[in-house]
Amino acid sequence: MLSDFKIYSADAFWRQILSELGATVSDKEDSTFLNFDALNIPLPARPITIKTEIQKAIDSNIQLLHKILGKKVQLPYVQAQIIILLYKSGGMSAADLRNALGYSPNATTHAVDTAIYQLRKTFGRAFINNVNGIYKIGQL
């Protein structure tokens, strides 16, 4: 039910429930994970209510993407996540970015590099900058 979601919760009870619903769950606060505790879901909560509230929070990320880009666009998931992660964090190393996207920091995959290349191709070379090994959002 929640297999595509990465969620943080400080509460062991909620982590167990979210895990049973299929989410990737963390007990360490991470800006790349949805903060479940901040959703303030009233109890008792049915699984569909939990999923609806999580989806509303995800939709707010889509609105943030539109704000960053100044227009509505549809991007592949990895590209959209890169933009949101770099915007929210202020910048990330390649290893941190791969890790945030679910890859091992030491992975030899070029998926992130390819996504950044495609974003630069779409929005211009200055859109994503690499300064001293840290990727940052530049200008459109």
Side-chain angles (χ1 to χ4, degrees):
M1 178 176 203
L2 300 177
S3 61
D4 294 332
F5 297 105
K6 293 166 71 173
I7 303 172
Y8 156 77
S9 179
D11 187 309
F13 174 75
W14 278 115
R15 284 195 310 271
Q16 178 65 35
I17 290 173
L18 294 165
S19 179
E20 288 175 5
L21 292 173
T24 301
V25 183
S26 176
D27 62 349
K28 295 182 177 120
E29 205 162 354
D30 184 332
S31 64
T32 64
F33 279 55
L34 175 70
N35 186 340
F36 183 80
D37 300 339
L39 298 180
N40 296 317
I41 297 175
L43 295 176
R46 298 179 335 164
I48 193 66
T49 303
I50 294 168
K51 184 175 183 180
T52 300
E53 292 302 315
I54 290 170
Q55 191 62 51
K56 282 183 195 176
I58 299 294
D59 289 345
S60 73
N61 276 346
I62 293 170
Q63 292 172 354
L64 176 60
L65 183 64
H66 295 165
K67 177 185 168 190
I68 295 165
L69 298 174
K71 58 185 173 184
K72 292 184 177 185
V73 296
Q74 288 201 333
L75 295 171
Y77 175 79
V78 172
Q79 291 180 23
Q81 284 303 107
I82 287 172
I83 294 170
I84 290 168
L85 290 168
L86 293 178
Y87 181 81
K88 284 183 174 180
S89 68
M92 298 176 88
S93 70
D96 289 341
L97 193 52
R98 281 192 299 273
N99 190 42
L101 292 167
Y103 299 102
S104 166
N106 301 321
T108 57
T109 181
H110 294 285
V112 175
D113 299 323
T114 301
I116 290 172
Y117 169 80
Q118 291 296 329
L119 286 167
R120 286 175 171 162
K121 186 176 173 185
T122 302
F123 298 108
R125 177 90 178 124
F127 181 60
I128 296 180
N129 299 315
N130 188 330
V131 179
N132 298 323
I134 304 296
Y135 286 107
K136 295 183 177 190
I137 296 291
Q139 54 188 346
L140 286 173

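In plain terms, the two heavy atoms of D37 and A10 that are nearest each other are OD2-N, 2.8 Å. Minimum interatomic distance between S19 and V25 (heavy atoms only, all atoms of both residues): N-CG2, 3.6 Å. The minimum heavy-atom distance linking K6 with N99 is given by the pair NZ-O, 4.1 Å. What you find for M92 and A100 is that their closest heavy atoms are CE-CB, 3.8 Å.
Atom CZ of F127 has more than 12 heavy atoms from other residues, nucleotides or ligands within 6.0 Å.
A single hydrophobic cluster is not seen to contain both I134 and L85; linkage of ILVMFWY side chains at heavy-atom distances under 4.5 Å, directly or through other members, places them apart. No continuous path of ILVMFWY side-chain contacts below 4.5 Å connects Y117 to V78, so the two sit in separate hydrophobic clusters. Transitive grouping of hydrophobic side chains (ILVMFWY, heavy atoms separated by less than 4.5 Å) brings I41 and F5 into a common cluster. Tracing side-chain contacts under 4.5 Å through hydrophobic residues (I, L, V, M, F, W, Y), one reaches V73 starting from I83; they form part of the same cluster.
Here the straight-line distance linking atom CD of Q79 with atom CD1 of I84 works out to 12.0 Å at 0.5 Å rounding. Separating the CG atom in L119 from the CD1 atom in I128 is a distance of 4.5 Å, to the nearest 0.5 Å. Within the model, atoms OG1 of T114 and NZ of K121 stand 11.5 Å from one another, a figure rounded to the nearest 0.5 Å. Once rounded to the nearest 0.5 Å, the distance linking CG of N35 with OG of S26 reads 10.5 Å. How far CZ of F36 is from CG of L18: 5.0 Å, rounded to the nearest 0.5 Å. Between atom CD of residue Q16 and atom CG of residue L21 there is a gap of 10.0 Å, rounded to the nearest 0.5 Å.
The main-chain N or O of A126 is never found under 3.5 Å from a side-chain atom of R120 such that the two would form a donor-acceptor pair.
Under the side chain to side chain donor-acceptor pair (under 3.5 Å) criterion, Q118 pairs with no residue, sequence neighbours left out. When the side-chain contact (heavy atoms from CB on, under 4.5 Å) test is applied to D11, the partners found at least two apart in sequence or on another chain are S9, F13, W14. Applying the ring pair (Phe, Tyr, Trp, His ring centres under 6.0 Å) rule to Y8 yields no partners; only residues at least two apart in sequence or on another chain are considered. Under the rule for a side chain to side chain donor-acceptor pair (under 3.5 Å), T122 has no partner lying at least two apart in sequence or in another chain.
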Give the table of side-chain donor-acceptor pairs shorter than 3.5 Å for residues 43-56, with sequence neighbours excluded, one pair per line with atom names and distance.
unit_1 : atom_1 : unit_2 : atom_2 : d
T52    : OG1    : I48    : O      : 2.7
E53    : OE2    : K56    : NZ     : 3.3
Q55    : NE2    : D59    : OD1    : 3.3

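Evaluation of the side-chain hydrogen bond (donor to acceptor under 3.5 Å, both in side chains) test over residues 123-140, restricted to residues two or more places apart or in two chains, returns none.
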